Each structure stands twice: as C-alpha cells, then as structure tokens.
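The structure appears below as structure tokens.
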Amino acid sequence: MKLSKYFIFIFYFCFTGITKAQNFLSINGESLTKQSVVKNTKGTENPFLRIIRTKETAPKGTVFLLADENYALSLKKENLPVSNYLDEMGFDVVVLNYQISKIDKSEKDILLTSSEQAFKMLKNKCDSLKLSDKKFIIMGLGNGGNLAARTIQRLKDIEQPNDVVLISASNLNTLIEGTVIPAITPPLKPISNLFVCYYKNENALWINSGSEYTKTWIGYDGKAKFNLLQDPSSNKNNWKNNNELTTLLKNFLNTVPAKAILPQNPAAISTEGYSRKRHDEKLKLVANEKFDLIMIGNSITNNFEKPQYQETWNTFFAPRKALNLGFSGYRTENILWNIDHGELEGQSPKVVTLEIGTNNVDEKNYPTRHTANQLAGGIEEIIKKLRQKLPNTKIIILRSFPGCYGGPNPTSHRAILERASNIVSKLADGKNIFYCDVNHVFLNLDGSINQTMMPDWLHPSPEGAKAWARAMEPLLSELMGDSSLDKEKPTNTAIIPVPKLEQDSYDWYKRHAEVIKIKDSIQPEIVLIGNSISHFWGGEPKVRDINGKLKTPNGPKSWQKYFGQFRVLNLGFGWDRTQNVLWRLDHGELDALSPKTAIINIGTNNTSQTENARMNTAEEIVEGISAICKRVRSKVPHAKLIVMAIFPREKDPKSNRRILINEINRQLALFTKENKITLVDIGPDMLNADGTFLPGMMLDYVHPTEKGYEIWGNHIQQLINQP
C-alpha cells in the first residue's frame with residue numbers, strides 16, 4: 001500500500017451546551033461531510049481524528065490519545081472511558097481512530113506515519129483548531145502505548161510534547177530484525193516528562209522492557225517515573241474507581257515542572273575511592289620512576305596486573321614503560337581524587353589512556369546511577385585535569401566498553417554508556433586528545449556481547465583484553481612514536497585498517513577531514529559507505545578534484561529523486577578497499593551519529609592488483625565486508641544495514657574479474673542471509689541475458705551513469721522510506 005492512499009480526517013465533537021456539532025476536515029484543511037468520513041472509514045484502513053472538547057472553560061491542555069482496542073477503533077465508539085476521565089479533568093482529547101485489516105509490519109508502519117503526521121499537525125494548528133496549547137500530551141494504552149513510544153522516537157527535539165503517558169504499553173521489547181538491539185528507544189535528548197505504568201499481573205517481558213525504557217529515558221537526562229500497580233481486574237475500565245492509577249496520573253498531569261536548577265555534577269566532584277592502600281602504592285611508584293605510558297581506569301584496566309593478563313601487558317605495554325593506574329570499582333569522581341592527590345606528580349608520559357564509565361551507571365552495586373551527561377561531564381573533568389598536569393601528553397579516551405549486568409543483550413546500562421561516549425567523542429581534537437573505539441571486538445554481529453571476549457558480560461577475558469590491545473595498537477604506536485608491537489597481524493589484508501592506498505583524482509585526506517568537520521552538523525538520516533561508485537553519486541561532502549575544485553557528480557538527478565528529502569552523508573571514497581573503509585570508521589567518520597540507514601557498497605577495488613595492495617580472494621573480501629558491518633553495527637546500532645552486492649564490471653562477462661565478483665556475491669548472499677542483513681543486488685537489472693551490459697549503464701564498465709544510478713535508487717527506495 002502507498003502512504004498517499006491514507007488520509008487523516010479530523011472529526012470534531014464540539015460541545016455547545018445544546019447539541020454536539022460535528023465537523024470534518026482532511027489533513028490539509030479541506031472540509032468534508034459526515035457521509036464522506038463514514039464512506040472513507042467503513043471497511044477500510046483510513047485513520048481519522050476525533051476531537052472531544054472538555055466542558056471546562058479553561059482547558060489544561062490537549063491529550064493526543066492512542067487507545068488499545070487491538071488496533072481497531074471505529075466511529076461506533078464515540079467515547080472511551082479514558083477520554084471521559086480526561087475530559088472531566090479539564091483536558092481536550094484528540095483520539096486517533098483506526099481500523100486495520102491485519103496486524104503486520106506494513107500496517108503498523110502506516111499507522112505510525114499517520115500518528116506522527118497527526119501529532120505534528122495538531123501542534124502546528126492548535127490555534128485554528130481551537131485546542132489548548134498549555135500542555136501537549138501523548139498518551140498510549142496497550143498497543144497504543146507501543147504506537148506512542150514509536151511516534152515519540154521519530155519526533156525532533158522541538159516537536160516533542162510536554163508529557164508522555166504509556167499505560168501497559170505492549171511489545172516495547174521489540175528488537176531490530178536480525179539483532180538483539182531494542183527497536184523502540186527514547187529520544188536521545190528527552191524533552192518530555194514520562195509516565196509509565198503496568199499492572200503486576202501483566203506480561204513480564206513488557207513490564208521489564210517498560211522499566212528499561214524508563215531507565216534509559218532517565219539515563220538520557222530526561223525526567224521519568226515508572227509505576228507498578230496492583231491487579232485491576234475488577235475495575236480496569238472504570239477510570240473513576242481505579243484510584244491507584246487515576247491518583248498517580250492526576251498528580252502527574254497536574255504537575256507544573258519547576259524551573260530546572262542544575263546541581264553540581266556528582267560525577268565531576270573529586271571523591272576518594274575505597275582503595276587507599278593501592279593509591280599509596282602507586283604514589284611510591286611515581287615518586288621513584290618516570291613512565292612513558294600511563295593507563296588510567298577501573299577494574300577492566302586493573303585486571304592487567306592479574307597473572308592471566310600478563311602476557312598481553314608484557315607484549316604491548318610493559319616495553320613502553322607503562323604504569324597501571326586502574327582501580328577496581330572506581331568511577332570518574334574517584335579517578336579525579338586520585339589525580340588531585342598525586343598519582344601523576346612529576347610524570348610526563350608520552351601517552352595516557354583513559355578507560356572509565358561503566359561503574360558510573362552501575363545500579364547493582366552503587367546507590368546512585370549517573371546519567372549520560374553526568375558521566376560525560378565527569379570524563380571531561382578528568383581530561384581537563386590531565387591537560388593541566390600533563391600538557392605535553394597525548395590522551396586516548398576509550399569508548400566505554402559495552403558491558404552490563406544480567407546477560408549479553410543491551411540494557412539501559414549499555415545505552416547510557418553509548419550515549420555518554422558519543423558526547424565525549426567530541427572532545428577529541430586530533431592533536432592532543434584522541435577518541436578510540438574498540439567495542440566491536442567484544443560484540444557479535446547481532447549486537448550481543450561475545451561471551452568468549454567478556455565471560456561475565458562486563459570484564460574482558462584475557463583473550464578480550466588482547467583483542468582490545470591489538471585494536472588500540474595502531475593509534476597507540478602512532479602516538480608513542482614507535483613501531484607496532486602487534487606481531488600477529490592476519491594474512492587477509494582486507495581486514496587490516498589502512499589509510500589511503502592509491503592516488504586518485506581527489507585529495508583522500510582532505511575528504512576525510514571534511515567528513516569529520518561536517519558530519520555532526522548534518523546529523524545524517526542515511527549514510528553511504530563505499531568507494532568511488534558511492535562517492536560520485538552526489539551529496540555531501542561534494543565531489544571535488546585534486547585541487548579542491550567542485551566537479552559534477554555522475555548521478556545528480558537520481559540523487560535528488562531518491563535522497564533529496566533526507567539528510568545524507570556520503571562516505572564513498574574513490575579507490576577505497578574494505579581496509580580503507582575500516583580505517584575511516586576507526587578514525588571517527590561514524591562517531592556520535594545516529595542514522596536510520598547505512599548503505600554499504602564496497603569490495604570491487606579489492607579485486608584489483610596494484611603496487612600498493614594485492615588482489616583479495618572472494619572469501620577475504622566477504623570477511624572485509626563482514627568486518628565493516630560489525631563496525632557499523634557497533635557504532636550505530638539502531639541503523640538499518642543495507643549491503644549492496646558488488647556491481648558487475650568489465651565488458652566481457654567471462655572475464656576473470658567478473659567471475660570473481662559473481663563468487664563474491666554468492667558468498668555475500670550466504671553471509672547476509674545468515675545474519676539477517678538486507679542484501680540488494682542490482683546487477684541483473686544492468687545486464688542482458690548473456691551478461692553483457694545494457695546500453696548506457698556504465699561509463700567505463702565500472703562506474704554507473706545516471707541511468708545506472710536510477711536503477712540503484714529505485715531498488716533501495718522502499719527500504720530507505722520505511723519508518
């Protein structure tokens with residue numbers, strides 16, 4: 001079904017004191033008769049809005065109500081018990097009525113689009129609709145609670161309501177297909193106040209997911225309250241007599257938020273930790289010896305002093321005259337105290353590594369849990385003190401490791417750490433402060449923690465610690481000014497991150513620098529990751545020659561047609577192989593972004609043999625693409641991954657390169673199917689039955705023409721337009 005077939009109708013119930021006057025409007029304000037509303041809703045899936053105005057002369061606000069009713073409301077139900085209750089409380093109520101024939105993903109997506117459009121329209125036209133704008137509230141019950149949470153997730157900061165109410169919201173535990181990553185998450189910057197409640201006898205998975213949703217909302221520095229109520233079996237539809245719920249809800253809706261007074265950040269207040277003995281031991285060491293590398297952290301760093309971790313320590317760190325300042329159980333505030341009390345006195349190391357954060361959001365062993373902004377503020381305060389005390393030292397900030405308690409799958413613990421790390425990543429200046437993300441080594445492709453690497457879901461095993469050291473080694477050796485100590489590099493060059501390999505018609509390093517400069521301002525909804533085929537399509541950064549002069553892209557019309565309505569970041573780089581993409585991802589091109597879609601089109605250049613890089617086998621290239629998918633999944637976990645089969649190239653369909661590409665695509669199909677990643681293969685649409693190119697598809701049997709890009713865009717159109 002196409003969204004254009006779906007209209008939202010506004011159905012007014014105007015209480016005049018004598019009769020109920022009914023008015024009907026389309027979403028664009030067109031007047032409709034009651035008969036047309038009935039005609040358009042009877043037996044169809046067309047949603048419409050019904051406005052119920054409060055009898056109070058001074059309305060308190062407007063509630064956008066998404067009821068349960070198993071996704072099936074109709075004109076026959078003029079009022080719901082909850083709308084009557086809200087009416088009596090003094091709120092105008094706008095009910096989204098809908099009636100869908102089946103509950104599948106496409107129907108829910110249509111309903112989500114309708115809900116989003118309806119809420120935005122109500123906020124924008126509150127004056128003309130004569131709705132109270134004192135407060136805007138989204139309230140969802142059951143399935144409607146699920147819809148409300150999904151709607152909030154799609155709104156921009158400025159579009160968010162004042163309050164969000166989720167009552168017995170269903171299926172908040174829904175996962176992104178092929179992953180263990182929650183599909184429904186709070187906004188990264190929650191503006192609304194959140195009220196969540198369940199009854200004790202309801203679905204335990206829904207209750208837990210609602211609790212985690214609330215904790216994440218709070219962890220993202222929002223205001224929220226989770227309530228677990230008694231069994232309402234006798235009066236759950238009698239809102240007047242359901243005292244427990246109505247009392248809590250009344251207090252919530254009638255509360256006028258006080259002006260926020262920002263307290264001092266507890267994560268940034270120097271506080272002594274419990275290990276004074278270890279602190280004194282470290283003071284003796286720094287008083288008697290100079291160190292070139294100092295590693296600061298919690299138990300994850302502290303563990304390098306255990307016998308089973310010594311092999312990695314002796315391989316990567318001891319040769320660099322390293323000092324371990326890891327303290328088990330420490331938080332940012334404790335690290336600050338250690339620094340204030342002499343642990344860096346008289347030192348001037350080449351590099352300091354900082355691994356910290358997981359204890360700040362630990363709700364199991366600490367009485368307080370810090371929010372993402374508090375944790376980020378604590379880390380920033382540590383960096384300030386390090387810069388003051390060690391002005392000539394390079395600082396590596398490690399992304400907080402993806403641990404949590406209770407299992408391998410993401411929880412609010414991990415969500416808060418990821419949010420804080422994204423904030424902190426912006427402290428990196430590429431001169432004195434560097435951000436290092438090695439989290440992919442601890443994760444499976446579905447987003448779960450690899451138990452071999454983190455047996456307790458929190459601390460790296462000896463094998464995990466070694467993987468961390470190896471992943472950090474390229475940056476560490478560069479900043480230390482020495483050669484790499486990693487002597488176990490794989491034979492597959494397609495998975496070893498390297499910068500520019502080949503000379504091309506543009507400045508590779510300048511394009512990378514431009515990406516780093518503009519990515520945060522774009523905050524892309526879509527990222528294209530690849531080589532010249534993506535690079536030359538269009539978008540930002542713009543296509544330039546070696547001197548920086550603008551060049552005309554190869555597919556401007558199709559780019560505008562398929563991407564014009566979106567914010568897009570083009571991470572295509574001419575001549576790039578999988579190893580170049582891995583380097584760019586390791587050097588910040590995706591850090592702190594939250595795209596909805598990532599389109600990966602890479603591998604064709606790995607089939608080339610040059611003086612700078614050898615040709616890879618099909619197995620090696622697919623392993624390289626897999627490594628990219630893992631990086632992307634780790635960095636932007638909520639993005640939908642779309643992997644493009646490698647485009648056909650060479651004029652002769654029987655050429656060795658074409659045969660190799662066919663084998664790569666065969667293996668790529670198996671890989672994506674196994675990992676439930678979307679694979680798009682446009683090759684057949686570019687070729688004749690005998691494998692030769694259709695006229696006008698390729699400029700040079702490698703790069704598409706506008707006609708070729710049109711085929712690509714047409715294939716991915718539905719995928720990028722999905723909610």
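Computed from a predicted model, the values in this text were never measured in an experiment.
- Residue S448 comes nearest to V180 through the heavy atom pair N-CG2, 3.5 Å, listed as atom of the first residue, atom of the second, then distance.
- Using modelled atom types, no side-chain atom of E525 and backbone atom of K596 make a donor-acceptor pair closer than 3.5 Å.
- In this structure, the side-chain contact (heavy atoms from CB on, under 4.5 Å) partners of T179, at least two apart in sequence or on a different chain, are I176, I181, R633.
- How far CD1 of I167 is from SG of C197: 4.5 Å, rounded to the nearest 0.5 Å.
- Contact annotation: the side chain of I720 approaches that of I526 to within less than 4.5 Å [non-hydrogen atoms, C-beta and beyond].
- Sorted by first and then second residue, the pairs that involve residues 163-197 and meet ring pair (Phe, Tyr, Trp, His ring centres under 6.0 Å), not counting sequence neighbours, are F195-F252.
- Between the side chain of T214 and the backbone N or O of G210 there is at least one donor-acceptor pair closer than 3.5 Å.
- For the pair I51 and V93, the minimum side-chain heavy-atom distance is 4.5 Å or more.
- Every residue two or more places apart in sequence or in another chain that forms a salt bridge (charged side-chain N to carboxylate O under 4.0 Å, His left out) with R631 is listed here: D586.
- Side-chain N or O atoms of T174 include one that pairs as donor or acceptor with a backbone N or O of N171 at under 3.5 Å.
- Partners of A415 according to the side-chain contact (heavy atoms from CB on, under 4.5 Å) rule, which considers only residues two or more places apart in sequence or in another chain, are T216, Y220.
- The shortest distance between side-chain heavy atoms of F442 and P460 falls below 4.5 Å.
- N227 contributes a side-chain N or O that, together with a main-chain N or O of V196, makes up a donor-acceptor pair within less than 3.5 Å.
- Take S534 and apply the side chain to side chain donor-acceptor pair (under 3.5 Å) test, not counting sequence neighbours, and it matches no residue.
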*Residues N439, F401; criterion side-chain contact (heavy atoms from CB on, under 4.5 Å); working and verdict*: CA-CA 6 Å; N439 284 14; F401 290 0; 3.7 Å; yes

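- Ring orientation note: the planes of H413 and Y405 are nearly perpendicular, at an angle over 60° on the 30°/60° scale.
- Between the CG atom in L458 and the CD1 atom in I300 there is a gap of 5.5 Å [rounded to 0.5 Å].
- Using a 4.5 Å heavy-atom cutoff, the side chains of V632 and I529 are in contact.
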*Trace of the side-chain contact (heavy atoms from CB on, under 4.5 Å) decision for L86 with M139*: CA-CA 11 Å; L86 293 168; M139 182 174 181; 3.8 Å; yes

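- Not one N or O on the side chain of E674 forms a donor-acceptor pair closer than 3.5 Å with the backbone of F671.
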*Is there a side-chain contact (heavy atoms from CB on, under 4.5 Å) between L593 and L569 once you walk through the steps?*
CA-CA 10 Å; L593 299 181; L569 181 65; 4.0 Å; yes

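- Atom OG of residue S211 and atom CG of residue L228 lie 9.0 Å apart, to the nearest 0.5 angstrom.
- The shortest distance between side-chain heavy atoms of W217 and S192 falls below 4.5 Å.
- Residues P161 and F119 approach most closely at CB-CZ, 3.6 Å, considering heavy atoms.
- A donor-acceptor pair under 3.5 Å is formed between the side chain of S400 and the backbone N or O of I356.
- S170 and N143 share a donor-acceptor pair across their side chains, judged by distance under 3.5 Å alone.
- The minimum heavy-atom distance between C629 and L445, with the atom names listed, is C-CD1, 3.8 Å.
- Here the side chain of R567 pairs a donor or acceptor atom with the backbone of I522 at under 3.5 angstrom.
- Contact annotation: the side chain of K135 approaches that of D163 to within less than 4.5 Å [non-hydrogen atoms, C-beta and beyond].
- For T185, the side chain to side chain donor-acceptor pair (under 3.5 Å) test picks out Q153, with sequence neighbours left out.
- Residue H370 holds its NE2 atom at 12.5 Å from CG of L417, rounded to the nearest 0.5 Å.
- Between atom CG of residue L147 and atom CG of residue L166 there is a gap of 10.5 Å, rounded to the nearest 0.5 Å.
- In this structure D591 satisfies the side chain to side chain donor-acceptor pair (under 3.5 Å) test together with K635, sequence neighbours excluded.
- Judged purely by atom type and a 3.5 angstrom limit, T678 has no side-chain atom pairing as donor or acceptor with the backbone of I642.
- The minimum heavy-atom distance between P402 and R414, with the atom names listed, is O-CD, 3.4 Å.
- The side-chain heavy atoms of I600 and M644, taken from C-beta on, include no pair separated by under 4.5 Å.
- Judged by distance alone, the side chain of S421 and the main-chain N or O of E418 form no donor-acceptor pair under 3.5 Å.
- A donor and an acceptor atom, one from each side chain of S115 and T151, are located under 3.5 Å apart.
- Atom CG of L96 and atom CG of L111 lie 6.0 Å apart (nearest 0.5 Å).
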*Tell me, with the steps shown, if N193 and V164 meet side-chain contact (heavy atoms from CB on, under 4.5 Å).*
CA-CA 6 Å; N193 300 309; V164 177; over 6 Å; no

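- Checked against salt bridge (charged side-chain N to carboxylate O under 4.0 Å, His left out), K215 has the following partners two or more places apart in sequence or in another chain: E212, E363.
- Checked against salt bridge (charged side-chain N to carboxylate O under 4.0 Å, His left out), R331 has the following partners two or more places apart in sequence or in another chain: E333.
- Taking both residues in full, the closest heavy atoms of Q523 and S594 are given as OE1-OG, 3.9 Å, listed atom of the first, atom of the second, then distance.
- At least one side-chain heavy atom of L249 sits less than 4.5 Å from a side-chain heavy atom of V165.
- Contact between Y199 and S168 at its shortest, heavy atoms only, is CD1-OG, 3.9 Å.
- Residues passing the ring pair (Phe, Tyr, Trp, His ring centres under 6.0 Å) test with F91: none are found, sequence neighbours excluded.
- F64 has its ring centre no less than 6.0 Å from the ring centre of F136.
- Here K120 pairs with E116, E159 under the salt bridge (charged side-chain N to carboxylate O under 4.0 Å, His left out) rule; sequence neighbours left out.
- The closest donor-acceptor contact from the side chain of N208 to the backbone of A204 lies at 3.5 Å or more, if one exists at all.
- E540 pairs by the side chain to side chain donor-acceptor pair (under 3.5 Å) definition with K542, not counting sequence neighbours.
- D221 and T371 form a side-chain donor-acceptor contact under 3.5 Å, judged by distance and modelled atom types alone.
- Using modelled atom types, one finds no donor on one side chain facing an acceptor on the other under 3.5 Å when comparing K189 with Q160.
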